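Below is one structure, written out as structure tokens; the observations come after it.
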Amino acid sequence: AMVRSALILTDSGGIQEEAPSLGVPVLVLREATERPEGVAGGMARVVGVDRGRIVEGASEVLEGTWERGEAGNPYGDGRAAGRIVSACMDAEVGLT
């Protein structure tokens with residue numbers, strides 16, 4: 001269902017990381033986030049629990065006026081495990 005969402009409102013740190021992988025903007029319902037990459041990348045905005053800020057952010061997304069980042073997922077491309085295996089193989093480290 002997340003992939004079909006136009007917008008996600010959450011206080012979950014995990015969701016803040018997952019939504020950018022799907023290209024879904026996130027409104028963070030906290031006063032601060034330990035995941036600033038999403039905010040810096042333009043895929044998340046910290047709005048807290050203020051009704052006006054939540055409505056403003058949601059309206060911008062739904063009306064198409066929120067300028068989102070185009071850089072892709074700020075948390076990586078999901079291919080870390082393969083790169084680690086390749087690096088170990090290149091270093092001739094036994095993977096038993």
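In this text the structure is predicted, and so the values were computed from the model without any measurement.
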Between Cys88 and the options Val85, Ile84, Asp90, the side chain to side chain contact (heavy atoms under 4.5 Å, CB included) test singles out Ile84
The reported gap from CZ in Arg45 to CG in Leu9 (rounded to nearest 0.5 angstrom) is 11.5 Å
Looking at every heavy atom in both Gly57 and Leu27, which two are closest together, and how far apart are they?
C-CD1, 3.8 Å
Can you confirm whether more than 12 heavy atoms, excluding those of Glu67, are under 6.0 Å from its CD atom?
no
Side-chain heavy atoms nearer than 4.5 Å, only ILVMFWY residues, links allowed to pass through others: does that put Val3 and Ile15 together?
yes
Ignoring hydrogens, what is the shortest heavy-atom contact between Pro25 and Trp66? Give both atom names and the distance.
CB-CZ3, 3.4 Å
Given Val26, which partner from the list Leu7, Val46, Thr10 fulfils the side chain to side chain contact (heavy atoms under 4.5 Å, CB included) test?
Thr10
Residue pair Val47 / Glu56, side-chain heavy-atom distance below 4.5 Å
no
Show the nearest heavy-atom pair for residues Leu62 and Ala6, with the distance to one decimal.
CD2-CB, 4.0 Å
So if you build clusters from Ile, Leu, Val, Met, Phe, Trp, Tyr with side-chain heavy-atom gaps below 4.5 Å, do Val39 and Leu29 land together?
no
To check you understand the geometry: which heavy-atom pair defines the closest contact between Met2 and Val24, and what is its length?
O-CG2, 3.6 Å
Closest approach of Ala19 to Ile8 (non-hydrogen atoms, all atoms of both residues)
CB-CD1, 3.9 Å
Indicate the atoms forming the closest heavy-atom contact of Gly13 with Glu34, along with that distance.
CA-OE2, 4.3 Å
For the OG atom of Ser12 and the CD atom of Glu17, what is their distance to the nearest 0.5 Å?
8.5 Å
